[in-house]
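Have a look at the structure below, then the notes.
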Amino acid sequence: MIKIFNRHKQIMLFILAGGLSAVVEIGLFKCSSVYLPKILPSELNFYGIKYPLSNILSTGCAIFFNYFLSIKFVFEQGKHSKKREFAYFMIVSSFSTVLSLTIFQLFFHFVFLDNISFLIFVFSPEVLSKIFAIIVVSVLNYSVKKKIIFNG
């Protein structure tokens, strides 16, 4: 087991950092999707887009959280300066955010139409859509961040 961990340590740490970032993202999304519509009713449906500010706020905070976890625990110093590394990380994350928002809308409108109960949890369509958007984008993020931003 230790040999497997050592061989795949970076992937395991990436999954752990991603998991922690996902907890931050989903937690902030759930809180903001409950409270923001009370302040801004258009949050529920902004020209057909559901929960745009909640998505952007939660994703943005999770990106910064993930960046600090990535540089501290997952990846080694890249071939770029810290400033350029951060800029590349943010560019990739911005693209990933747009992709995540698109995937979220697709899942929310076409896949998860009702609550799903799992053991003692009940997952709403918006939370399920958020979870699946995070999973899809995470695979792309690992590859790009490892090969382009940090030392592969």
Side-chain angles (χ1 to χ4, degrees), residues 1-37 39-40 43 49-108 111-112 115-152:
M1 189 65 146
I2 292 173
K3 285 181 183 180
I4 292 172
F5 179 78
N6 286 335
R7 200 171 326 142
H8 301 291
K9 181 179 177 184
Q10 188 177 49
I11 292 173
M12 300 272 206
L13 290 172
F14 181 82
I15 291 169
L16 181 61
L20 292 172
S21 298
V23 168
V24 167
E25 186 171 352
I26 293 166
L28 284 172
F29 176 78
K30 185 61 180 171
C31 290
S32 59
S33 69
V34 168
Y35 295 109
L36 266 178
I39 300 167
L40 299 165
E43 174 71 355
I49 299 172
K50 306 292 186 179
Y51 305 102
L53 294 176
S54 297
N55 259 308
I56 292 168
L57 174 71
S58 64
T59 303
C61 290
I63 287 169
F64 281 107
F65 184 70
N66 186 265
Y67 174 74
F68 291 111
L69 290 177
S70 292
I71 63 172
K72 186 77 174 162
F73 300 108
V74 181
F75 297 109
E76 294 177 15
Q77 172 68 40
K79 43 197 167 240
H80 313 288
S81 68
K82 283 285 186 194
K83 192 183 272 188
R84 184 168 283 193
E85 183 180 271
F86 181 76
Y88 287 158
F89 192 95
M90 289 300 133
I91 290 167
V92 168
S93 295
S94 296
F95 174 75
S96 296
T97 299
V98 171
L99 182 62
S100 178
L101 294 172
T102 303
I103 293 169
F104 171 83
Q105 295 301 319
L106 292 171
F107 277 109
F108 185 79
V111 179
F112 299 113
N115 290 340
I116 295 179
S117 297
F118 181 73
L119 300 174
I120 62 171
F121 299 104
V122 176
F123 294 99
S124 63
E126 58 269 14
V127 169
L128 285 167
S129 300
K130 188 68 169 172
I131 290 169
F132 277 85
I134 289 169
I135 291 169
V136 170
V137 170
S138 293
V139 173
L140 175 69
N141 274 341
Y142 177 75
S143 299
V144 171
K145 289 173 183 173
K146 179 179 172 127
K147 299 287 185 212
I148 296 174
I149 301 172
F150 302 103
N151 274 337

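Keep in mind that what you see is a predicted model, and the values were worked out from it rather than measured.
A heavy-atom distance below 4.5 Å is not found between the side chains of V98 and S94. Considering only heavy atoms from C-beta on, V137 stays 4.5 Å or farther from T97 through its side chain.
Looking only at distances, no side-chain donor or acceptor of E85 sits under 3.5 Å from a matching main-chain atom of I149.
Taken to the nearest 0.5 Å, the CZ atom of F64 stands 9.0 Å off from the OG atom of S93. With values rounded to the nearest 0.5 angstrom, E126 atom CD is found 5.5 Å from F108 atom CZ. Here the straight-line distance linking atom CD1 of I56 with atom SG of C61 works out to 12.0 Å at 0.5 Å rounding. Taken to the nearest 0.5 Å, the OH atom of Y51 stands 12.5 Å off from the OG atom of S58.
Closest approach of L13 and F73 over heavy atoms only: CD1-O, 3.2 Å. Smallest separation of non-hydrogen atoms from Q105 and K50: NE2-O, 3.0 Å. Residues S117 and V122 come closest through the heavy atom pair OG-CG2, 3.8 Å. For the pair Q10 and Y142, the tightest heavy-atom approach, listed with the atom from each and the gap, is OE1-OH, 3.3 Å.
The side-chain hydrogen bond (donor to acceptor under 3.5 Å, both in side chains) test applied to S96 returns N141, not counting sequence neighbours. When the ring-ring contact (aromatic ring centres under 6.0 Å, His included) test is applied to F86, the partners found at least two apart in sequence or on another chain are Y67. For F132, the ring-ring contact (aromatic ring centres under 6.0 Å, His included) test picks out F107, F112, with sequence neighbours left out. Taking the side chain to side chain contact (heavy atoms under 4.5 Å, CB included) definition, one finds that I135 meets it with I131, sequence neighbours left out. Checked against side-chain hydrogen bond (donor to acceptor under 3.5 Å, both in side chains), S143 has no partners two or more places apart in sequence or in another chain. For S32, the side chain to side chain contact (heavy atoms under 4.5 Å, CB included) partners are L36, S54, L57, not counting sequence neighbours. Partners of L140 under the side chain to side chain contact (heavy atoms under 4.5 Å, CB included) rule, at least two apart in sequence or in another chain, are F95, L99, V144. Under the side chain to side chain contact (heavy atoms under 4.5 Å, CB included) criterion, L106 pairs with T102, F110, not counting sequence neighbours.
Under 3.5 Å, the side chains of E43 and Y35 contain no donor-acceptor pair of N or O atoms.
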Using atom types as modelled, flag every donor-acceptor pair under 3.5 Å from a side chain in residues 19-27 to any protein atom, sequence neighbours excluded.
{"residue": "S21", "atom": "OG", "partner": "A17", "partner atom": "O", "Å": "2.9"}
{"residue": "S21", "atom": "OG", "partner": "N66", "partner atom": "ND2", "Å": "3.2"}
{"residue": "E25", "atom": "OE2", "partner": "T59", "partner atom": "OG1", "Å": "2.9"}
{"residue": "E25", "atom": "OE2", "partner": "K130", "partner atom": "NZ", "Å": "2.9"}

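Among pairs with a residue in residues 58-71, none fulfils salt bridge (charged side-chain N to carboxylate O under 4.0 Å, His left out), at least two apart in sequence or across chains.
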